[in-house]
Amino acid sequence: MNFTSNAFAIQFAGTILFILILLFTVLIIYTYFHRWGLNYHKKKKDDAQEYILPLIYRYLDGDISESDFSDALRNHYHIVVAFNNIDDMIDSLKGEEREQLKKLLDLPLFRMHFLKKLNSNAVMDLASACMYSEKKIETDPGVIKKLYELQHYDRPVIVYAATLALINSSRQEIRDYALSSFLQSPKNASMAINDIIYKYCELHPETNQAAELLMKQVSSPEIPVKNAAATIRMFRNLNFYQLTEPLFELFRSPLPHDELGQLRATLLRVLNQLPAPEVKQELFRQCLWESDYQMVRFETARWIYQHYTSDLDDMLLTLCGDDDLEVRIAAQKTLLEHADMAHPGDQIPAAFQQEWQEIKKIGDTHVNII
């Protein structure tokens, strides 16, 4: 019985050892071929880079035509490397050379290559296909429907890339629809919103119409508050001073969808930079120094810093004793620099006297008041 058990144990151990040796061997073989494949692709790309760059410069110098350039692209690596270089150059060049490079992207080789990617399920393929359409002189009408579908993709990077491609269309109604659809997506990052809106406004033939459409978007409760706030923050940089009155009217409205006060705080921040004298009466009417939301109280303190008058003293003193440190510091700095009252420090609650003394001592804080 013991002999049988020992024999079985030895056989079992041998089987396990054989399996482990086999797995180890397979792992070594896989690692070898994987590394070989990586090195092979890298060499192909490096060779293509050395081959393609001179061709692009010769094309820009006028030594070869678009047709000659197309004939010189002999394989997949040439097409990919050529596009990557053209893409980088389009971002860095201006004027005639930039337009010359955009013309290259209309070559049938590029079009066929990226049309296939547009029907792929791989995220990187879809992103590169959208990027191709965005970098062309204008997006092909034949891909508009697919790009609309990609605006509802579950990856924000694809939504962003598809929207950029749609805004590159020659038809303004397509750009308008693409922008509206993009701003309704709750997953957008603020930097992506900035890129989309800058490109939209750059290509729009009528600045006032672009401003009106954006104002309509940020006023809609269907637009997520964070998207509306990110858009509104851009208005001053876009020189949309004509929107001062509509922004003020939005600021005066109830904003029931602004559940955390982000939109109201953003509106106050932007109006702080625009000629909107009626804001003061709204601070009193809405009692914004007593808002439930820290960001609203902070923006109220910042507004007072910029527009201080003595009738704001009670509001300012309340903010000097706010529960939030940032709000208190902004208000106390305003009190120190602008308030016209004797012994203003006596108005600071005892619990916050140390902060007040520090502000008096250093004369500055890390709070961005302006």
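Note that this is a predicted model, so its numbers are computed, not measured.
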Participant: Transitively linked via ILVMFWY side-chain contacts under 4.5 Å: Leu109 with Tyr77?
Facilitator: no
Participant: Does the side chain of Gln294 come under 3.5 Å of the side chain of Asp324 through a donor N or O and an acceptor N or O?
Facilitator: yes
Participant: Applying side-chain contact (heavy atoms from CB on, under 4.5 Å), run through Gln354 and Gln357 and close with a yes or a no.
Facilitator: CA-CA 5 Å; Gln354 185 176 353; Gln357 295 303 324; 5.7 Å; no
Participant: Under a 3.5 Å cutoff, is there a donor and acceptor pairing between the side chains of Asn208 and Gln242?
Facilitator: yes
Participant: Would Tyr160 and Asp195 count as having a side-chain donor-acceptor pair, cut-off 3.5 Å?
Facilitator: yes
Participant: Output side-chain donor-acceptor pairs under 3.5 Å for residues 310-321, partner residues at least two apart or in another chain, one line each.
Facilitator:
residue: Asp311; atom: OD1; partner: Lys280; partner atom: NZ; Å: 3.4
residue: Asp311; atom: OD1; partner: Thr309; partner atom: OG1; Å: 2.4
residue: Asp311; atom: OD2; partner: Lys280; partner atom: NZ; Å: 3.3
residue: Asp313; atom: OD1; partner: Tyr308; partner atom: OH; Å: 2.5
residue: Asp313; atom: OD2; partner: Tyr308; partner atom: OH; Å: 3.4
residue: Thr318; atom: OG1; partner: Asp314; partner atom: O; Å: 3.0

Participant: Is a salt bridge present between Lys102 and Glu99, judged by a nitrogen-to-oxygen distance below 4.0 Å?
Facilitator: no
Participant: Under 4.0 Å between a Lys/Arg side-chain N and an Asp/Glu carboxylate O for Glu134 and Lys199?
Facilitator: yes
Participant: What verdict does the side-chain contact (heavy atoms from CB on, under 4.5 Å) test give for Lys226 and Leu263, after you've listed the backbone C-alpha separation in whole Å, the side-chain angles of each residue and the deciding distance to 0.1 Å?
Facilitator: CA-CA 7 Å; Lys226 71 180 186 67; Leu263 182 55; over 6 Å; no
Participant: Would Ser180 and Gln217 count as having a side-chain donor-acceptor pair, cut-off 3.5 Å?
Facilitator: yes
Participant: What residues, two or more places apart in sequence or in another chain, satisfy side chain to side chain contact (heavy atoms under 4.5 Å, CB included) together with Glu138?
Facilitator: Ser170
Participant: Apply side chain to side chain contact (heavy atoms under 4.5 Å, CB included) to Leu23 and list each qualifying residue two or more places apart in sequence or on a separate chain.
Facilitator: Ile19
Participant: Count the heavy atoms belonging to other residues, nucleotides or ligands that lie under 6.0 Å from CG of Asn119, then report whether that count exceeds 12.
Facilitator: yes
Participant: Do you know the tightest heavy-atom contact between Ala178 and Gln151?
Facilitator: O-NE2, 2.9 Å
Participant: Does the distance from a Lys or Arg side-chain N to an Asp or Glu carboxylate O, for Glu66 and Lys103, drop under 4.0 Å?
Facilitator: no
Participant: Quickly, which of Asp87, Leu101, Ile86 forms a side chain to side chain contact (heavy atoms under 4.5 Å, CB included) with Lys135? Name it, please.
Facilitator: Asp87
Participant: Checking side-chain polar atoms at under 3.5 Å, does Glu337 have a donor or acceptor matched by the opposite partner on Tyr305?
Facilitator: yes
Participant: Less than 6.0 Å separating the ring centroids of Tyr177 and Tyr148?
Facilitator: yes
Participant: Check the hydrophobic clustering (I, L, V, M, F, W, Y; side-chain heavy atoms under 4.5 Å; chains of links allowed) and say if Leu126 and Phe83 are grouped together.
Facilitator: no
Participant: Quick one about Gln286 and Arg264 (side-chain donor to acceptor, distance below 3.5 Å, no hydrogens or angles considered), yes or no?
Facilitator: yes
Participant: Ile232 and side chain to side chain contact (heavy atoms under 4.5 Å, CB included): which partner among Thr266, Asn227, Leu214?
Facilitator: Thr266
Participant: Determine whether the side chains of Tyr200 and Asp176 contain a donor N or O and an acceptor N or O closer than 3.5 Å.
Facilitator: yes
Participant: Think Arg328 forms a cation-pi with Phe352, using NZ or CZ under 6.0 Å from the six-ring centre and within 45 degrees of its axis?
Facilitator: yes
